[in-house]
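The structure appears below as structure tokens.
Every number for a ligand or one of its atoms is a count from 1 in the order of the listing.
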Amino acid sequence: KRDDDLHIGGIFPMEGEGGWQGGQACMPAAELALADVNARSDLLSGFKLLLHSNDSKCEPGLGASVMYNLLYNPPQKLLLLAGCSTVCTTVAEAAKMWNLMVLCYGASSPALSDRARFPTLFRTHPSATVHNPTRIKLMQKFGWSRIAILQQAEEVFISTVEDLEAHCKKTGIEIVTRQSFLSDPSDAVRNLRRQDARVIVGLFYVVAARRVLCEVYKHKLYGKSYVWFFIGWYEDNWFETNLEREGIECTAEEMREAAEGHLTTEALMWNQNSNQTTISGMTSEDFRFRLNEALREAGYDIDREKFPEGYQEAPLAYDAVWAVALAFNKTMEKLQKSGLSLKNFTYTNKKIADDIYEAINSTSFLGVSGLVAFSSQGDRIALTQIEQLYDNHYVKLGYYDTQADNLTWLERERWVGGKVPPDRTVVVNEL
Ligand SMILES: CC1(C)CO[C@@H](CC(=O)O)CN1
């Protein structure tokens with residue numbers, strides 16, 4: 001039987017200047033998944049899944065024009081894959097006009113968790129708010145009920161802080177001060193000292209993080225009386241690189257001293273149980289091996305750690321294609337009962353769109369990024385990981401499963417002063 005083709009559009013940030021150019025590793029990962037699902041005789045039998053890709057440079061404007069090209073040029077597309085929060089916002093807001101599902105493999109903005117604005121959006125990349133229940137869990141574990149927030153004035157951090165404040169209200173954690181800055185954090189950090197902040201959650205991109213850390217050093221807002229929560233997806237030695245280039249006035253030694261002991265939270269994007277076989281038949285380490293092969297062929301010097309952007313998120317793109325293939329497979333079976341197939345889909349056919357929506361909404365499989373399942377708002381349900389920096393390297397402290405409220409703790413934490421820093425000045429009454 002001639003192979004019929006099912007077409008999907010792919011919008012990948014590849015060669016842009018700003019933002020996240022994660023398509024560099026995510027597009028090869030998506031192509032690996034495409035080859036794998038098409039090789040499966042038990043999936044989409046009689047059909048081949050084809051991906052038509054273009055570069056958005058992580059620019060919403062270019063992303064929109066790429067989307068229109070994909071939609072107004074044959075063959076008709078059944079669904080769109082996209083990356084970058086800004087591009088996903090634009091694409092997902094428009095896609096509903098064509099009854100198209102949008103699967104985002106690289107979008108962390110909390111604003112996307114909005115079914116009113118984005119009725120057809122799903123994402124294998126967790127929202128930035130996934131860190132918040134983990135932060136709260138750690139505060140409760142260490143008895144911190146008085147915290148401060150320091151954030152960069154960027155949309156993703158503003159909406160993450162709003163979600164964190166809601167969690168704090170619910171759990172009786174007092175926020176003594178919330179300081180924000182555009183690009184120079186010096187006043188904000190000085191205000192933290194004035195408010196006697198001791199447990200501080202920091203939300204900013206990595207360049208701003210280096211500026212913050214140097215101010216923290218200058219104001220001595222570190223050491224045995226302070227606990228900092230930073231974001232865990234900066235590169236490992238972020239606090240001692242690019243200091244000259246970015247005009248950081250602290251030395252690498254001073255930055256290391258200020259960074260000692262800080263905690264980080266991040267969403268898990270690679271299945272931790274590296275010998276667990278996933279739906280593709282691979283373990284996440286098998287996937288890493290094949291991805292590295294593909295990236296070497298694309299010219300990246302993997303063996304000298306020259307990874308392309310998006311390497312961390314590559315499993316999310318790989319699993320996004322599997323989620324599409326499984327959803328299409330489920331939809332085909334359903335349509336077959338009424339003598340139809342996905343070939344009957346048109347941009348005005350809401351009925352088939354609803355079938356595809358329902359199929360994605362009920363997704364649940366073990367991918368290379370872990371269990372793939374979505375919340376009612378289309379958000380990826382993900383585990384988070386907690387690490388601590390000491391002796392200049394990150395040590396895994398544990399994992400948190402928000403759904404099950406289950407904290408796996410490895411008892412490896414170490415505190416500069418030898419005990420858990422208190423969240424406020426402790427007055428010792430001389431007896
Ligand atoms: C963890 C990170 C770096 C957060 O930003 C995502 C990109 C975006 O949200 O635009 C990619 N993954």
Side-chain angles (χ1 to χ4, degrees), residues 10-30 55-64 66 80-93 102-114 117-118 121-132 134-135 151-152 154-161 163 202-210 229-236 238 264-270 307-320 368-370 377-387 394:
I11 307 176
F12 295 92
M14 304 300 285
E15 308 296 337
E17 290 310 308
W20 177 71
Q21 302 305 320
Q24 294 167 13
C26 287
M27 191 158 101
D55 182 0
S56 70
K57 298 182 194 279
C58 195
E59 291 166 12
L62 181 55
V66 158
L80 296 173
L81 293 176
C84 275
S85 286
T86 49
V87 172
C88 285
T89 303
T90 307
V91 167
E93 191 128 46
V102 177
L103 237 182
C104 286
Y105 54 82
S108 62
S109 168
L112 289 167
S113 312
D114 179 349
R117 269 185 81 193
F118 312 109
L121 173 70
F122 290 91
R123 41 181 172 166
T124 51
H125 189 301
S127 163
T129 57
V130 79
H131 297 245
N132 287 334
T134 311
R135 292 167 176 142
Q151 70 170 108
Q152 192 175 3
E154 291 276 344
E155 182 271 329
V156 61
F157 303 126
I158 292 165
S159 36
T160 301
V161 167
D163 178 79
L203 294 169
F204 20 74
Y205 287 117
V206 70
V207 171
R210 284 189 271 268
F229 283 80
F230 283 146
I231 289 173
W233 43 254
Y234 305 152
E235 59 272 9
D236 272 356
W238 63 270
T264 64
T265 54
E266 66 188 297
L268 277 180
M269 298 181 181
W270 292 70
F307 293 102
E309 212 168 334
Y311 187 86
Q312 183 61 12
E313 292 86 353
L316 307 178
Y318 181 87
D319 286 346
V368 288
S369 66
Q377 295 164 314
D379 281 340
R380 171 67 184 270
I381 295 168
L383 298 178
T384 53
Q385 158 182 289
I386 302 110
E387 292 186 323
Y394 280 108

Are F12 and Y105, when compared by the centres of their aromatic rings, separated by less than 6.0 Å? yes

Can you check whether M27 reaches D55 side chain to side chain, under 4.5 Å on heavy atoms? no

With sequence neighbours excluded, tell me which residues meet side chain to side chain donor-acceptor pair (under 3.5 Å) with Y205. none

The disulfide (SG to SG under 2.5 Å) partners of C26 (sequence neighbours excluded) come to none

Angle class for the W238/Y234 ring planes (parallel below 30°, perpendicular above 60°, tilted otherwise)? perpendicular

Would you please name every residue forming a side chain to side chain contact (heavy atoms under 4.5 Å, CB included) with V207, sequence neighbours left out? R210, R211, E246

Could you pull out every protein residue that has a heavy atom closer than 4.0 Å to ligand 1, ordered by chain and then number? W20, C84, S85, G106, A107, S108, H125, W233, E313

